[in-house]
Asks: 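Here's a structure for you.
Below, read A as the first sequence line, B as the second, and so on, with proteins coming before strands; counting in each chain starts at 1. As the structure is a computational prediction, the values presented were derived from the model and not from experiment.
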Amino acid sequence: MAFAPILRGLVWGALGFLLGGGGAVLVRLLLGLPAFQPEPLITIGYFPGLLGWLLGVGAWDVWAREWFGLPVRREAVYDWRRYFRFTTDHKVIGVQYLVTFVVLFLLAGFFAMLMRIELMAPGPTIMSAGLYNHIMSMHGIIMIAVAVAAIIGGLGNFAVPLLIGAEDMAFPRINALSYWLIPPVAVLLVSTFFAGGFDSGWTAYPPLSEVNAPGQVLFNLAVITFGFSSILGALNFLATILRLRAPGMTWRRLPIFVWSIFAASFISLTATQFLAAGLLMILLDREAGMTFFNAARGGAPLLYQHIFWFYSHPAVYIMILPAFGLALEILPHFSRKPLYAYPWLVAGFFGIVFLSFIVWAHHLFTSGMPDYLHGPFMATTELISIPTGLVFLSALGTIWMGRLRLKTPMLFALGFLFNFLIGGVTGIFNADVPTDLHLQDTYFVVGHFHFTIMGGMIFALFAGIYYWFPKITGRMYNETLGKLHFWWMFLTFNTTFIPMFWLGLFGMNRRIFDYPPALGSVNRFISISAFLLGSSFVVFVSNMVLSWARGPQAAANPWQARTLEWQVPSPPPVHNFPAPPQVVGHPYDYGFTNSVHALVGVSGGSGEQGVDTDG
Amino acid sequence: MQTVRVHVPYDHTHTRRIGLWLFFISEGFLFLALISSRYYLFGLSRPEELNQALGLLITTILLLSSLTAYRAETSILHGDQGMFLRNTLATILLGSLFLVGVALEWAEAFRFFPPHTRFGTIFFTLTGMHGFHVLSGVVLLVFLYFHGRRGRFGVTNTWPVEGVIKYWHFVDVVWVFIYPTLYLVSS
Ligand SMILES: [Cu+2]
């Protein structure tokens, strides 16, 4: 049966939960404590439950059996059912990630629509203040998860092994594990609706997050689980890129998207632990009576903000570095020019990685942090514009005087550059202490980070989806619908978020369902723009679904691109390359006669029709 | 053109070793977060009630266990099964003894600085998180011991031994940072 592994995962997960929770009740009875307290029981039951789910869904068969000296069991499934099991093929896992996170993106977008309905007019409109806060928090955390994992987990998994000429990731089973950690995250977040919700935003600042409804506990568990998943994913990418590059794929020939994933993975691997630690401390405060952040008992609420932003500022670059990489991967192929200033660009990436660890307290300018820290953190933050500037100059140098092919992926990559420029420039006002004191917690900040994350990362995600759609599915998307999607989304995105800068300057607070009546007309305009923006995804989804089902067969190399993934059939065969490719030149040397990137075995070759060798 | 499937010499153990080190770096950041919280919340002072003798004793036990773990790893590299098993067992015993020591510490801590005090919060979290890592290390060593008794490791199959023992050393090294943070720091 197609869903047997998932069903088994659910059953084993439930058993694990009962075992863990039951054990906790037993221990409490033995210690003479009141047996039943929901929050500790949920927390203690959750981890064995998670283990049960992972084992049940497939980790037992393909992995844990060998710990007990049993032979592993692997089924060879090659039809659509492989997407519903613990498959270790990086291309399948990439699609699993991509589809999951596009669905989550649409769900979180739906929550944004609800928020914009509420904000159509001042005062209560369709929901209570509490429900608004919950919906806002759900929108925030799901979109953060999409921003962190959609490019890395989805496109990264699909493309990185192909781009470096590898057969798979370094640790295919860990790869499957990182994907199957995601469904519990989604389930936990959705079940907050049945646990009183959580109203502390995606940032979960105490003291609120220590005194609110039990939904907060589910949130913390969900985000800790998501953290495991990104750490394992990062570890896998680093090992893969370090060890599995094809012969001749030197660091100076590495495709730029691979560099960006490599750089972002350093941040995921390390900083994510701080987020997990901070959320764990909240759980310990709530459930074990500890006092990390409880000021009444001597704790320090500000400590949480330090720990949280030590992850969450670098996390911005977990989101945006792969987006840079994607845009810059696409620009040379569609400009028919070499990637401009490639070594400087790579240096820029690592400059960003380094600086991202020493800027976190720019989120604390109004939090009561000691004044002497304001200057240094302002300075380090503004230093980031230097490596970011290198990235931008590289992008501009690449398209400069190029013969641009304005296909949908290219349009989204150019849209990315435009939007991110606005996002970056408005960031300066949040980094400057004098202006930030005024702008903190207003819609100016909302406008700023939506320009970087949605205008930047999401636009790059769509660029990548359209770019690799023929490779992933073996079929071509509809170009007219693709362009329609781009222009529709690009225009309505800008009309939605540009007015938010104005609103912020005039003092509209973020994270609240109400605002001064004088701001009503601008908010109405934003809401209508937002609904139009939301409807642009109908074009996207129908293009994807229809093209995947009945689009024309895609050639192996529809973009005449030089990188390795285009030298094998669409979709690529199970083991990617007939033999390890020999890399002999730079991937982006367009316009150089006789320059070759790689020699790929017989069954590849550009222009050859995609032969499905999956069977 | 004809292609021959080229088999590039590929050392999987080396890749696994890199993966394990990356995992240690990641885990290091977890302890970095917890240890720096101790200084943020409690500065450089420490309570008088800490049982210094017990702290020193469990530290010694854990450091000794690293020695036996190292001997276990070396003996499997030389194919000496008996020595491997004896030293693995000794490591398991020392590790468990360490956990007993932590339990005694906890019993005292509940009296002098319970979890709802600032130092108690730090003490229970740090020793608890580290103890959890020790416990998982002991479980892994038990697996190692039973597989070893069936002769599954030899000069050609050393990775599981190397991986678990490296993890054990890592957990020890973490304690080398936690011990002064909890017991020795004072202004
Ligand atoms: Cu920041």
Asks: Give a yes or no answer on whether the side chain of B/His116 reaches the backbone of A/Asp285 with a donor-acceptor pair at less than 3.5 Å.
Replies: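 No; zero donor-acceptor contacts below 3.5 Å.
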Asks: Considering only heavy atoms from C-beta outward, does the side chain of A/Gln273 approach that of B/Leu32 to under 4.5 Å?
Replies: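 SC-SC contact between A/Gln273 and B/Leu32 ruled out.
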Asks: Could you have a look at B/Gly28, B/Pro114, B/Ser37 and say which one has the most heavy-atom pairs with chain A under 4.5 angstrom?
Replies: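 Among the listed options, the one with the most contacts to chain A is B/Ser37.
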Asks: Using a 6.0 Å cut-off, check whether atom OH of B/Tyr39 has over 12 heavy atoms from anything other than its own residue.
Replies: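 More than 12 within 6.0 Å, yes.
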Asks: Only pairs at least two apart or in different chains count here, so list each salt bridge (charged side-chain N to carboxylate O under 4.0 Å, His left out) that has a residue in residues 136-165 of chain B.
Replies: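 The answer is B/Arg17-B/Glu162, B/Glu162-B/Lys166.
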Asks: Do you know which of A/Gly299, A/Ala277, A/Gly298 has the most heavy-atom pairs with chain B at a distance under 4.5 angstrom?
Replies: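 Ranked by heavy-atom pairs under 4.5 Å with chain B, first place is A/Gly298.
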Asks: Do A/Arg243 and B/Thr15 pass the side chain to side chain donor-acceptor pair (under 3.5 Å) test, and can you show the C-alpha distance, the side-chain angles, and the key distance before you say yes or no?
Replies: CA-CA 6 Å; A/Arg243 289 285 297 155; B/Thr15 308; 3.0 Å; yes
Asks: Roughly how far, to the nearest 0.5 Å, is CG of A/Leu232 from CZ of B/Phe23?
Replies: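 These two atoms lie 8.0 Å from each other.
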Asks: Nearest 0.5 angstrom please: B/Ile25 CD1 to A/Phe266 CZ, how far?
Replies: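 Rounded to the nearest 0.5 Å, the CD1-CZ separation comes out at 7.5 Å.
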Asks: If you count every heavy atom of other residues, nucleotides or ligands that lies below 6.0 Å from B/His12 atom NE2, does the total exceed 12?
Replies: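 Check passes, neighbour count above 12.
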Asks: Counting only heavy atoms not in B/Arg71, do more than 12 sit closer than 6.0 Å to its CZ atom?
Replies: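 Count not over threshold, so no.
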Asks: Which atoms of A/Phe310 come close to chain B, meaning under 4.5 Å heavy atom to heavy atom: side chain ones, backbone ones, both, or neither?
Replies: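 Just its side chain gets close to chain B.
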Asks: Please list, chain by chain and in numerical order, all residues satisfying salt bridge (Lys or Arg N to Asp or Glu O under 4.0 Å) with A/Glu66, sequence neighbours excluded.
Replies: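 With neighbours one apart ignored, the set is A/Arg173.
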Asks: Between A/Arg297 and B/Arg118, does the side chain to side chain contact (heavy atoms under 4.5 Å, CB included) criterion hold? Intermediate values first, please.
Replies: CA-CA 8 Å; A/Arg297 289 199 294 251; B/Arg118 256 188 311 162; over 6 Å; no
Asks: Tell me, for A/Ile231 versus chain B, whether the close heavy atoms (under 4.5 Å) come from the side chain, the backbone, both or neither.
Replies: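 Side chain only.
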Asks: Hey, is CZ on B/Phe177 packed in by over 12 heavy atoms from elsewhere, all under 6.0 Å?
Replies: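 No, because the 6.0 Å sphere around CZ of B/Phe177 holds 12 heavy atoms or fewer from other groups.
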Asks: Within a 6.0 Å radius of atom CH2 on A/Trp63, are there more than 12 heavy atoms belonging to other residues, nucleotides or ligands?
Replies: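 Yes, because the 6.0 Å sphere around CH2 of A/Trp63 holds more than 12 heavy atoms from other groups.
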Asks: Do A/Leu284 and B/Thr125 touch side chain to side chain, with heavy atoms closer than 4.5 Å?
Replies: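 A side-chain contact exists here, since the closest heavy-atom pair is under 4.5 Å.
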Asks: Heavy atoms only: give me the nearest A/Phe68-B/His147 pair and the separation to one decimal.
Replies: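 Looking at all heavy atoms of both residues, the closest pair is C-CE1, 4.1 Å.
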Asks: Quick check on A/Ile174 against chain B: is it the side chain, the backbone, both or neither that has a heavy atom closer than 4.5 Å?
Replies: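 For A/Ile174, no heavy atom lies under 4.5 Å from chain B.
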Asks: Taking all non-hydrogen atoms of both residues, which atom of A/Ala239 and which atom of B/Leu22 are closest, and how far apart?
Replies: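 Taking A/Ala239 first and B/Leu22 second, the nearest heavy atoms are N-CD1, 4.0 Å.
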Asks: Measure distances from A/Ile307 to the heavy atoms of chain B and classify the residue's part below 4.5 Å as side chain, backbone, both or neither.
Replies: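 For A/Ile307, side-chain heavy atoms alone lie under 4.5 Å from chain B.
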Asks: Is it the side chain or the backbone of A/Ala276 that comes within 4.5 Å of chain B heavy atoms, both, or neither?
Replies: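 Neither part, no heavy atoms under 4.5 Å.
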Asks: Which atoms of A/Leu244 are under 4.5 Å from chain B, going by heavy atoms: the side chain, the backbone, both sets, or neither?
Replies: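 Just the side chain, heavy atoms under 4.5 Å.
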Asks: Using every non-hydrogen atom in the two residues, find where A/Met281 and B/Leu34 come nearest and quote the distance to one decimal.
Replies: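 Scanning both residues, the minimum pair turns out to be CE-CD2, 3.5 Å.
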Asks: Rounded to the nearest 0.5 Å, how far does CE of A/Met290 lie from CZ of B/Phe124?
Replies: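 Spacing of CZ (B/Phe124) from CE (A/Met290) equals 7.0 Å.
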Asks: Would you mind telling me which of A/Leu238, A/Leu235, A/Leu242 makes a side-chain contact (heavy atoms from CB on, under 4.5 Å) with B/Ile18?
Replies: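 Result: among A/Leu238, A/Leu235, A/Leu242, A/Leu242 is the only option passing the side-chain contact (heavy atoms from CB on, under 4.5 Å) with B/Ile18.
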Asks: Which answer fits B/Phe143, side chain, backbone, both or neither, if we ask what part of it has an atom under 4.5 Å from a heavy atom of chain A?
Replies: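 Side chain of B/Phe143 only, per the 4.5 Å heavy-atom cut-off to chain A.
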Asks: Please check this pair: side chain of A/Thr270 against backbone of B/Ser26, looking for a donor-acceptor N/O pair closer than 3.5 Å.
Replies: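 The answer is no, because no donor-acceptor pair under 3.5 Å joins these two groups.
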Asks: Which answer fits A/Phe171, side chain, backbone, both or neither, if we ask what part of it has an atom under 4.5 Å from a heavy atom of chain B?
Replies: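 Answer is side chain: those atoms of A/Phe171 sit under 4.5 Å from chain B.
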Asks: Hey, what do you get for OG1 (B/Thr121) to CG (A/Asn294), rounding to the nearest 0.5 Å?
Replies: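 Here the rounded value is 9.0 Å.
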Asks: Which label fits A/Phe357 and B/Phe29: parallel for a plane angle under 30°, tilted from 30 to 60°, or perpendicular past 60°?
Replies: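 Ring orientation, 0 to 90° scale: tilted.
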